[in-house]
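So that the names make sense, note that chain A is the first sequence line, chain B the second, and so on, each numbered from 1.
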Number of protein chains: 2
Amino acid sequence: MPGHHSARSRRPTERKGDVRERAILDTCEALLAQKGYDAMTVGDIAQGAGITRGALYFYFGSKQEVVTALVARTVEHLWERSRVTAQADEPRQAITAAMRRTVELWNEHGLVMRTAIDLSLTVPEIGELWNHTADLFITAITTVLERAGVQPGSEPDQASAMARALCWMIERTFYHASQESRETLQEASATCEHIWLTTAGLTS
Amino acid sequence: MPGHHSARSRRPTERKGDVRERAILDTCEALLAQKGYDAMTVGDIAQGAGITRGALYFYFGSKQEVVTALVARTVEHLWERSRVTAQADEPRQAITAAMRRTVELWNEHGLVMRTAIDLSLTVPEIGELWNHTADLFITAITTVLERAGVQPGSEPDQASAMARALCWMIERTFYHASQESRETLQEASATCEHIWLTTAGLTS
DNA sequence: ATAAAAATCGACATAGTGTATAGTTTTGGG
DNA sequence: CCCAAAACTATACACTATGTCGATTTTTAT
């Protein structure tokens with residue numbers, strides 16, 4: 001494996017390869033939207049990026065590696081966003097803020113997020129990335145629940161376990177809704193928020 | 001297309017082909033557990049069922065058709081089970097009963113159910129089967145919620161929308177938990193049940 | 001300007017899918 | 001018991017996609 005992203009990522013000047021690599025990922029994302037993962041071939045990606053198949057294999061070892069890199073890029077963006085966002089102390093506000101942010105993320109990156117979820121089983125590396133992301137959310141939700149008075153702990157009716165279930169609810173609901181329209185996503189968000197609030201004991 | 005399941009399904013005597021067809025689906029299920037969908041080849045399935053590749057194509061037109069038939073078989077079993085089960089009138093009992101039944105279904109058919117979910121995107125027919133199944137559950141949950149006093153309707157905080165979110169929560173939670181162990185699944189079930197009860201306004 | 005590193009190309013080998021065909025065995029209803 | 005349909009076998013083929021390789025060209029740093 002010759003030149004690879006992480007190894008080349010912090011160079012003084014930008015290599016030509018860095019541009020190509022980005023072009024490959026961008027093309028991959030576009031094709032994912034057009035034809036989906038299965039229908040998209042390595043040749044398609046290469047062509048879209050303006051190079052031959054052979055050249056693409058200089059950058060990535062396989063189709064899966066390309067998509068993994070794309071997911072990694074997106075997911076890093078999610079982490080960034082989560083880290084930066086201010087965490088409200090008041091549970092009710094925290095929940096509303098979190099849901100609004102989640103809607104934004106799905107609106108911007110829904111396609112790649114759905115792809116990541118779909119490939120979590122088949123591509124272990126993507127599975128790990130997505131699991132880690134989910135864990136971040138679960139931890140955040142747990143904190144909010146505890147602050148709202150839910151008993152801490154991992155028993156079925158305590159904060160940790162409930163946060164996990166809520167996380168999966170949001171993931172799946174958004175997964176489906178983001179395929180429809182922005183309005184659907186917005187409504188789905190409201191529903192999830194309501195359930196989260198109720199679960200936290202903050203009956204509105 | 002020579003002999004096909006649905007066309008041959010209700011014959012007086014059982015043809016030999018019916019047995020083989022079942023053998024193919026059984027092998028498919030076993031291989032799915034061993035190596036997963038992608039790694040499993042048509043040749044593998046044929047070999048496992050004791051026939052040649054050519055013979056398999058006598059029964060099914062493609063690998064996807066085989067898996068679709070397997071999903072259809074399983075899903076029909078789910079519908080059967082749902083229809084037969086008595087529906088309790090009292091919401092609290094209905095919820096407990098539903099969750100117990102769901103645990104049983106995932107314990108028995110978790111593998112195929114997970115496969116169905118994974119392939120819902122790529123194989124439209126499987127997607128339809130699973131969607132229909134989900135709709136059945138959503139309807140059932142809606143009924144229970146309404147009976148528990150949740151306002152009917154499809155606005156974000158009304159029964160229909162909330163039932164959908166709860167359904168996805170259960171699906172995803174069980175999807176993950178059923179990969180772990182029976183105990184994990186049991187605990188996950190308890191958590192979902194608790195959230196469902198809370199959402200229905202039946203604080204325990 | 002030049003040599004090493006990076007990037008690219010095109011040919012090749014491989015594996016899996018689905019089709020087709022020609023012939024063989026099994027089976028079940030009359 | 002017999003014969004037509006059903007259920008195969010064996011084999012070959014066309015096709016598509018993947019991934020590898022060595023040769024060659026282009027960049028980049030000095």
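- Look at CZ on Arg20(A): it is 9 Å from C1' on dT8(C), rounded to the nearest Å.
- Between Thr52(A) and dT8(C) there is no side-chain polar atom (N or O) within less than 4.0 angstrom of OP1 or OP2.
- Checking the phosphate oxygens (OP1, OP2) of dT27(D), a side-chain nitrogen or oxygen of Lys16(A) falls inside 4.0 Å.
- Remark: C1' of dT11(D) and CD1 of Ile51(B) are 17 Å apart, rounded to the nearest angstrom.
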Sequence neighbours left out, cut at 3.5 Å: what donor-acceptor pairs do the side chains of residues 133-143 of chain A make with other protein atoms?
unit_1	atom_1	unit_2	atom_2	d
Thr133(A)	OG1	Trp79(A)	NE1	3.2
Thr133(A)	OG1	Leu129(A)	O	2.8
Thr139(A)	OG1	Asp135(A)	O	2.8
Thr142(A)	OG1	Ile138(A)	O	2.6
Thr143(A)	OG1	Thr139(A)	O	3.0

Atom pairs and distances, side-chain donor-acceptor, residues 38-45 of chain A, under 3.5 Å, sequence neighbours left out:
unit_1	atom_1	unit_2	atom_2	d
Thr41(A)	OG1	Gly43(A)	N	3.3
Thr41(A)	OG1	Asp44(A)	N	3.0
Thr41(A)	OG1	Asp44(A)	OD2	3.3
Asp44(A)	OD2	Lys35(A)	NZ	3.1
Asp44(A)	OD2	Thr41(A)	N	3.1

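- One atom, CZ of Phe60(A), and another, P of dA7(C), lie 12 Å apart when rounded to the nearest Å.
- The CG atom of Leu56(B) sits 10 Å away from the P atom of dT9(D) (whole-angstrom rounding).
- Straight-line distance from the CG atom of Asp18(A) to the C1' atom of dT27(D): 13 Å, rounded to whole Å.
- A distance-only check finds a donor-acceptor pair linking the side chain of Glu65(A) to the backbone of Gly61(A) [under 3.5 Å].
- With the end axes of the helix from dA1(C)-dT30(D) to dG30(C)-dC1(D) each set by five pairs, the angle from one to the other reads 20° at 10° resolution.
- With sequence neighbours excluded, no residue forms a ring pair (Phe, Tyr, Trp, His ring centres under 6.0 Å) with Trp196(B).
- Scored by the side chain to side chain donor-acceptor pair (under 3.5 Å) test, Arg114(A) finds Ser178(A) as partners (sequence neighbours excluded).
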Which atoms of nucleotides 19-22 of chain D (N or O only) lie under 3.5 Å from a protein N or O atom, and what are those distances?
unit_1	atom_1	unit_2	atom_2	d
dG19(D)	OP2	Tyr57(A)	OH	3.2
dG19(D)	N7	Arg53(A)	NH1	3.2
dG19(D)	N7	Arg53(A)	NH2	3.0
dG19(D)	O6	Arg53(A)	NH2	2.4

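- With sequence neighbours excluded, the residues satisfying salt bridge (charged side-chain N to carboxylate O under 4.0 Å, His left out) with Arg22(A) are Glu14(A).
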Could you list all N or O pairs between the protein and nucleotides 14-16 of chain D that sit under 3.5 Å apart?
none

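- Going from atom CG of Asp38(B) over to atom C1' of dA15(C) covers 14 Å, rounded to whole Å.
- When the C1' atom of dG16(C) is taken as reference, atom CD of Gln47(B) falls 15 Å away, rounded to whole Å.
- One interatomic measurement links the two molecules: CZ of Phe58(B) to C1' of dT19(C), which rounds to 15 Å at whole-angstrom precision.
- Closest contact between the side chain of Arg15(A) and the listed nucleotides dT28(D), dA7(D), dC9(C) involves dT28(D).
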Result block: side-chain N/O donor-acceptor pairs under 3.5 angstrom for residues 152-167 of chain B, not counting sequence neighbours:
unit_1	atom_1	unit_2	atom_2	d
Gln158(B)	OE1	Ser154(B)	N	3.4
Gln158(B)	OE1	Glu155(B)	N	3.2

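- For the pair Thr198(A) (side chain) and His194(A) (backbone), a donor-acceptor distance under 3.5 Å is present.
- The list of salt bridge (charged side-chain N to carboxylate O under 4.0 Å, His left out) pairs with a residue in residues 116-131 of chain B, not counting sequence neighbours, is empty.
- Every residue two or more places apart in sequence or in another chain that forms a salt bridge (charged side-chain N to carboxylate O under 4.0 Å, His left out) with Arg147(B) is listed here: Asp89(B).
- Under the salt bridge (charged side-chain N to carboxylate O under 4.0 Å, His left out) criterion, no residue pair touches residues 47-63 of chain B, with sequence neighbours excluded.
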